[in-house]
2 protein chains.
Amino acid sequence: MVYVCLMAVDPDHVLRSAAALLTRKSTATMDEVAKAAGISRATLHRHFAGRDALVRALESLGIEECRAALDTARLDEGTASEAVRRLVGAMEPAAGLLAFLYTENQLFEGEEQNAGWSLIDDRISALFRRGQLAGEFRIDLTPAWLTEALYGLMASGAWMVHSGKGAPKDFQHMIVELLLGGALRREES
Amino acid sequence: MVYVCLMAVDPDHVLRSAAALLTRKSTATMDEVAKAAGISRATLHRHFAGRDALVRALESLGIEECRAALDTARLDEGTASEAVRRLVGAMEPAAGLLAFLYTENQLFEGEEQNAGWSLIDDRISALFRRGQLAGEFRIDLTPAWLTEALYGLMASGAWMVHSGKGAPKDFQHMIVELLLGGALRREES
DNA sequence: ACCATATGAGACACCAATGTCTCATGCTGG
DNA sequence: CCAGCATGAGACATTGGTGTCTCATATGGT
């Protein structure tokens with residue numbers, strides 16, 4: 001007879017609470033993370049061996065959300081511009097978590113889970129490359145740089161929204177318009 | 001009789017060493033910082049009361065470098081586009097330090113030294129606003145967002161160079177072209 | 001009703017980094 | 001040469017966070 005999850009704590013809920021907290025305060029202690037999730041530190045420790053394990057799990061969550069966003073954005077359909085717009089919209093909910101991981105991962109430099117990120121980078125880079133081949137995007141900016149810039153702009157956008165200096169509803173527009181159109185005004189609308 | 005700095009350690013040299021190190025490893029200990037500067041931890045501690053004081057000093061250094069970059073870029077001269085290009089070029093040496101402070105300052109949220117940053121933000125925002133008033137920049141992206149985006153792109157650029165995925169010589173071009181022109185290809189060259 | 005399991009609360013040792021101290025050793029100016 | 005001071009090295013206590021443990025309790029299945 002197998003006893004499955006009696007008063008089980010939802011690990012996903014814990015992860016999302018942790019993500020929300022660490023997004024705001026990246027140095028939050030295990031105790032704070034536990035309180036934020038509404039559980040005790042002991043229980044938190046039962047589900048995640050330690051802080052490293054927690055961050056790893058958060059990284060996996062981030063990778064998974066990115067993958068899901070990439071899927072729902074259907075990068076192969078329509079013009080590359082439209083795909084970029086969909087992508088930014090789909091990734092918006094994960095922007096805060098990504099910003100946290102973006103700054104945290106410099107510590108795990110040259111580690112293992114980079115494979116997961118590489119896949120995501122590749123898919124985004126491929127999108128920009130598709131736009132270049134279609135004559136839609138300029139070719140003097142490498143897909144790798146455009147990908148990195150997309151991350152940076154999403155982090156800036158998330159920071160702007162989080163600090164109250166920008167409205168969440170403008171998130172997608174701000175990023176897409178700047179990334180694709182740039183700051184220069186165009187005569188041809 | 002006043003004895004002035006006999007075997008004095010150059011505080012500026014210490015700060016720059018610390019900046020270079022913390023740019024790469026933001027969690028470096030005081031011991032590592034001291035070793036990087038070629039001094040003992042005791043001496044480091046004599047010059048900077050603690051880690052907080054060190055970070056504060058680094059923040060002041062960053063503010064000062066930004067101010068200097070703003071001055072040398074002569075934001076009032078020529079077109080706003082040219083001024084932006086000069087600004088990015090002038091700020092490039094400080095990009096790594098800025099990226100470090102950018103992630104570190106979320107801890108000192110709502111503190112005092114923000115006044116220094118506000119001045120810098122204002123000058124950059126004013127530049128973008130000037131470009132808008134001159135009909136050079138589009139008006140649907142706020143100066144505040146353009147400023148934030150500039151920071152984000154510089155951080156991404158610094159990361160790209162630091163990780164070896166991009167050449168330092170491309171730093172200015174990558175950022176300015178994307179920020180001003182965007183990713184879309186233009187028929188009118 | 002009973003038992004198995006997960007949880008909460010707390011105690012505990014441990015570790016890394018910090019901050020403070022002392023002392024010996026240099027160097028520099030007079 | 002000598003006095004004075006900054007430095008380097010190291011010892012030391014302290015702190016904050018972590019990881020592990022135990023025990024009491026509540027809950028859900030049988």
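A, B, ... follow the sequence lines: proteins, then strands. Residue 1 opens every chain.
Looking at residues 31-42 of chain B, you'll see B:G38, B:I39, B:S40, B:R41, B:A42 sit with a heavy atom under 4.0 Å from some atom of DNA chain D.
Legend: residues meeting side chain to side chain contact (heavy atoms under 4.5 Å, CB included) with B:R46, ordered by chain and number and at least two apart, are B:A42, B:T43. Under the salt bridge (Lys or Arg N to Asp or Glu O under 4.0 Å) criterion, A:D10 pairs with no residue at all, not counting sequence neighbours. Residues forming a side chain to side chain contact (heavy atoms under 4.5 Å, CB included) with B:I120 (at least two apart in sequence, or on another chain): B:I63, B:C66, B:L70, B:W117, B:I124, B:Y151. By the side chain to side chain contact (heavy atoms under 4.5 Å, CB included) test, B:S17 is found to be paired with B:H13, B:A37, residues two or more places apart in sequence or in another chain being considered. Partners of A:K35 by side chain to side chain contact (heavy atoms under 4.5 Å, CB included), not counting sequence neighbours, listed by chain and number: A:D31. Not counting sequence neighbours, the partners of B:D71 by the salt bridge (Lys or Arg N to Asp or Glu O under 4.0 Å) test are B:R123.
Atom CG in A:D10 sits roughly 15 Å away from atom P in C:dA6 (whole-Å rounding). Rounded to whole Å, the distance from NZ on B:K25 to P on C:dA16 is 13 Å. Between the CE atom of B:M30 and the P atom of D:dT15 there is a distance of 18 Å, given to the nearest Å. Computed from coordinates, the B:L44 CG to D:dA6 P distance equals 16 Å when rounded to whole Å. Rounded to an integer number of Å, the gap from CG of A:D52 to C1' of D:dG19 is 12 Å.
Side chain of B:E65 to main chain of B:P93: no donor-acceptor pair is present (N/O by atom type, distance under 3.5 Å, no hydrogens or angles).
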Expected list for residues 84-91 of chain A: side-chain donor-acceptor pairs under 3.5 angstrom, two or more places apart:
residue, atom, partner, partner atom, Å
A:R85, NH2, A:E177, OE2, 2.8
A:R86, NE, A:A73, O, 2.7
A:R86, NH2, A:A73, O, 3.3
A:R86, NH2, A:R74, O, 2.9
A:R86, NH2, A:E77, O, 2.9

Where each pair must be Watson-Crick or G-U wobble with both distances under 3.5 Å, what dot-bracket representation of DNA chain C is obtained, with crossing pairs in [ ] and other-strand partners as |?
-> ||||||||||||||||||||||||||||||

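Taking the nucleotide of DNA chain C with the nearest heavy atom to each of B:H45 and A:R46, the more 5' of the two is matched to A:R46.
Remark: A:H47 is not in phosphate contact with C:dA6, judged by side-chain N or O atoms under 4.0 Å from OP1 or OP2.
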